[in-house]
There are 2 protein chains.
Amino acid sequence: MNIGQAADQSGVSAKMIRYYEQIGLISPPSRTDSNYRVYGPDEVHVLRFIKRARTLGFSVEETSVLLGLWQDRTRASAEVRDIASSHIVALETKIAELQGMVKTLSHLVHCCAGDNRPDCPILDDLAGTPAEQTSKGH
Amino acid sequence: MNIGQAADQSGVSAKMIRYYEQIGLISPPSRTDSNYRVYGPDEVHVLRFIKRARTLGFSVEETSVLLGLWQDRTRASAEVRDIASSHIVALETKIAELQGMVKTLSHLVHCCAGDNRPDCPILDDLAGTPAEQTSKGH
DNA sequence: TCTTGACCTTACCATGATGGGAAGGTCTAT
DNA sequence: ATAGACCTTCCCATCATGGTAAGGTCAAGA
């Protein structure tokens, strides 16, 4: 199987497959006489694993650890669960942060007439004009 | 005022002030004879505006537009509100995406014994092992 | 006056994960 | 034989930020 087919079957672009190889996340595959990379079902399986982990928001670094644990027959599931749990915490922190932004912005948008007049509480807030300070006044 | 003081007063690092100048987000300040950048209250005000916009998750590009609108006395507030509104949509999309990840991961973590045994539904899911496919079975 | 330390300057490199493109080699089907 | 679809490596760009290095400047104190 060439890299293009491996890409199609795994959902990881050829570009990224080469990158993952370069950074050592996956091991270099064998090559044909003409230097083409050759992949088999096992390699594609690994690529799918990576794809799934990335889709779940794990960094490449975390994915690398998970991959190691996956290939370690003797690992404790607790180890994996800890990684997943901290990842959840990180995601939730990020979510809370974004929600804070949405909250502030929604408030500002709600206060903005949104017509042809130049008065705009959103800009006033960004500028730090005291009139409409995010979450206190009002 | 030197760049360090402007940085302290605006919350934007000196490094970033120079960067914003370089990419044209802010205009080059005047210089002392010894080539030091000189800032006044107006420049700091602009920097604070930028800081606030970035904190609210606007990209530098969007911030640039908002800055232009801020400085345009005749702009319609509707224009600003539209930018803010689309930004809210983008944030909410991102939030939903992260929440999807959390949901899937929470489910997996919940299914994982987390002990010394190697059996791990989290890894099974990543590997695409049919037993525990995220959101369908169970 | 000299020194020290805190500031400033520019220039370059790194991050993380991805995409784009160029220049050239290979394979397959017509 | 040729066209077109693949592959190879190498370099560059993104986005916003931080770091570092080599050198200039300034203010305060001995």
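Bear in mind that the values here come from a model prediction, so they are computed numbers and not experimental data. All chains are named by letter (A, B, ...) in the order of the sequence lines, taking the proteins before the strands, and each is independently numbered beginning at 1.
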Exercise. Which residue lies toward the 5' end of DNA chain C, A:E61 or B:N2, if each is placed at its nearest nucleotide?
Worked result: B:N2
Seminar exercise, completed: Here the residues of residues 6-23 of chain A within 4.0 Å heavy-atom distance, strictly under, of DNA chain D are A:K15, A:R18
Problem set entry | A:Q71 side chain vs A:G68 backbone, donor-acceptor pair below 3.5 Å | no
For this session: Could you tell me whether the side chain of B:R75 and the main chain of A:P118 form a donor-acceptor pair under 3.5 Å?
Result: yes
Exercise. Hey, can you pull the residues of residues 27-51 of chain A with a non-hydrogen atom under 4.0 angstrom from DNA chain D?
Worked result: A:R31, A:N35, A:Y36, A:R37
Exercise. Is it true that a side-chain atom of B:S77 and a backbone atom of A:C120 form a donor plus acceptor pair closer than 3.5 Å?
Worked result: no
Problem set entry | Heavy-atom neighbours of B:Q99 CD exceed 12 at 6.0 Å | yes
Exercise. So, B:R81 side chain and B:S85 main chain: donor-acceptor pair closer than 3.5 Å or not?
Worked result: no
Problem set entry | Donor-acceptor contact below 3.5 Å, side chain A:R54 vs main chain A:F49 | no
For this session: Please identify each residue that fulfils side-chain hydrogen bond (donor to acceptor under 3.5 Å, both in side chains) with B:D72, with sequence neighbours left out.
Result: B:T74
Problem set entry | Nucleotides bounding contact with chain B, strand DNA chain C, heavy-atom threshold 4.0 Å | C:dC7 to C:dA11
For this session: Could I get the full list of side-chain hydrogen bond (donor to acceptor under 3.5 Å, both in side chains) partners for A:D82, not counting sequence neighbours?
Result: none
Problem set entry | Distance in angstrom units between A:I3 CD1 and D:dC6 P, rounded | 13 Å
Exercise. B:L47 versus B:K51: any side-chain heavy-atom pair under 4.5 Å?
Worked result: no
Exercise. Can you list every side chain to side chain donor-acceptor pair (under 3.5 Å) pair that touches residues 17-30 of chain A, not counting sequence neighbours?
Worked result: A:E21-A:R37
